[in-house]
Amino acid sequence: MHLFTVVFLVALALTTSMRLWLARRHVLHVAARRNAVPAEFVGRISLEAHRKAADYTAAKTRVGASETLVSVVVLLGFTLGGGLELITEAWGRILHPGGYPHGIALIATVVLVSGLVELPFNLYRTFVIETRFGFNRMSLKLFLMDLAKLIAIGALVGLPFVFCILWLMEKMGEFWWLYVWLAWAAFNVVVLVAYPTLIAPLFNKFSPLENGDLRSRIEALLAKCGFRSRGLFVMDNSRRSSHGNAYFTGFGAAKRIVLFDTLISRLAPPEVEAVLAHELGHFSRRHVWKRMMLLFAASLALLWTLGWLIDQDWFYASLGVRSPSTAVALLLFIMVTPLFTFFVQPLASLYSRVHEFEADAYAARHADAQSLAQALVKLYRDNASTLTPDPLHSAFYDSHPPAVLRIARLEAQQH
Ligand SMILES: [Zn+2]
């Protein structure tokens, strides 16, 4: 057995058991606190809502754990089980092995198979869990239409991009990874610019926010923060789900502010204003840029690693592949990397939570901290987010600080 086969199996066993252990801790922690609303929230969140959040959290965590187990089987099937080798050989009967069409067909097949494996989980999440807890508003028809659009966009945008990457990998000599990195970075920036005006409207309607109390409040807030945007839009999220949110898209001159209709219908205007002030905080502290720069730096390091691995025979042999090719190297790398980057997850989550606190502090300065605290309580209640996450699970995965901490800080910051 190759040394790297052992490394791969050990990493797979470690990440899987860690994921399952965290999920189990989380479910048990939440269940043990199911029958009492935390002291800070008594009178603000009912016992019934608190129990619903506990059950919703448990249901989502359980399905996540099953998906983890299935993904282990799929990963082993593709690699040591000989799946990649099998697909390579099958396409090799029709297309010239090692050519671009062969490489693209191989990658597309793997993406499709992985998507098919995920599909039942997505169906279960939407039509069983979200429906049971009263969040789903999507018909099967809309689900399938979304899926068809995603596949069409994937084919239209993804296939030419894959071709471009494979071409760079083969034609650019020793430093191909640098060119692939530049292409990858450019692709990300283009998607960021094109998303609000070209992609998002395929899935949702965006209408300008109507004149009224809310609009004048938001305009006053934007003027106070010195923020110029290309429009204030309401998105019809209620077609799919009753979860509420607000976000910014695009950058530079193409910036847009998007409020979910489900958010506006539930929060009072001062609360929406405070939520938006939080989003402006992310913008003013350049969180999106910081995160993107970090991501670009990490992908450069990863591509450099692939530049070395691609020439090592053991990399293919130790992962069940007998016929190396550029496409197979790329696939193996994409499949195996998460096993090693998993342990960086707590740092990424911590970084994100620091940003959330910064955005909250900004909102407390430019809007009303008490309104943001109230909005958060409502959002936690209406989205059935648990108030009592397992601390270790939360430290590992959560992009947002636990509700108790966030609200305590906001209430200390109000003036
Ligand atoms: Zn935030």
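Counting starts at 1 for both ligands and their atoms, following the listed order. Bear in mind the structure is a predicted one, so any value in this text is a computation, not a measurement.
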**Message:** Can you tell whether the side chains of R215 and E210 come within less than 4.0 Å, N to carboxylate O?
**Reply:** no
**Prompt:** Taking all atoms of both residues into account, what is the closest heavy-atom pair of R240 and N136, and its distance?
**Reply:** O-OD1, 3.4 Å
**Asked** Is the Zn ion (ligand 1) less than 2.8 Å from at least one N/O/S atom of H400?
**Response** no
**Prompt:** Quick check: does H355 have an N/O/S atom under 2.8 Å of the Zn ion (ligand 1)?
**Reply:** no
**Check ion pair R125-E67 (N to O, under 4.0 angstrom)** = yes
**Message:** If the condition is side-chain hydrogen bond (donor to acceptor under 3.5 Å, both in side chains), which residues does H400 pass it with, not counting sequence neighbours?
**Reply:** E356
**Message:** Suppose we only allow N, O or S atoms; which atom of E356 ends up nearest to the Zn ion (ligand 1)?
**Reply:** OE1
